[in-house]
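Taking it in order: structure first as structure tokens, then the write-up.
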Amino acid sequence: ELREARHAFAAEAATAAVKRVHKGLRDHLKATTSDQQSQDRALEILTLSTVGLKQDLPTPAAYRRRLTFLAGAVARALH
């Protein structure tokens with residue numbers, strides 16, 4: 001929703017929220033692996049895949065389960 005909330009009334013808040021999410025992901029990935037290329041690829045996959053994971057309009061609970069599984073799979077791949 002943050003990525004889509006780019007209308008004039010929400011653009012600043014959405015941009016700030018996306019930056020916070022990216023920083024949090026980056027910090028977590030740095031703690032997981034020291035390989036910068038792996039960090040960049042994982043951040044890209046985690047960020048872009050969130051759009052595709054909601055194509056079928058899942059419930060918030062289903063979407064959260066999908067994101068949790070994706071994050072775990074990426075973390076395991078980095079180890």
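Keep in mind that what you see is a predicted model, and the values were worked out from it rather than measured.
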Distance in Å, [X] [atom1] paired with [Y] [atom2], rounded so as to fall on 0.5 Å steps:
X	Y	atom1	atom2	value
I45	L25	CD1	CG	12.5 Å
L43	Q36	CG	CD	9.5 Å
L46	E44	CG	CD	10.5 Å

- [ ] Tell me, please, which residues at least two apart from S34 pass side chain to side chain contact (heavy atoms under 4.5 Å, CB included).
- [x]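 Side chain to side chain contact (heavy atoms under 4.5 Å, CB included) list for S34, sorted by chain: empty.
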Residues which pass salt bridge (charged side-chain N to carboxylate O under 4.0 Å, His left out) with [X], listed by chain and number, not counting sequence neighbours:
X	answer
K23	D27
R26	D40
D35	none
R65	none

Report all side-chain donor-acceptor pairs from residues 68-78 shorter than 3.5 Å, counting only partners two or more places apart or in another chain.
| residue | atom | partner | partner atom | Å |
| --- | --- | --- | --- | --- |
| T68 | OG1 | R64 | O | 2.9 |
| R76 | NH1 | G72 | O | 3.3 |

Open item on the list: Tell me whether the count of non-hydrogen atoms from other residues, nucleotides or ligands lying under 6.0 Å of CZ in R66 goes above 12.
Closed with: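 Yes, because the 6.0 Å sphere around CZ of R66 holds more than 12 heavy atoms from other groups.
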- [ ] Identify the two heavy atoms, one from L29 and one from Q39, that lie closest to each other, and give their separation to 0.1 Å.
- [x]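 Answer, listing the atom of L29 first, then Q39: CD1-O, 3.5 Å.
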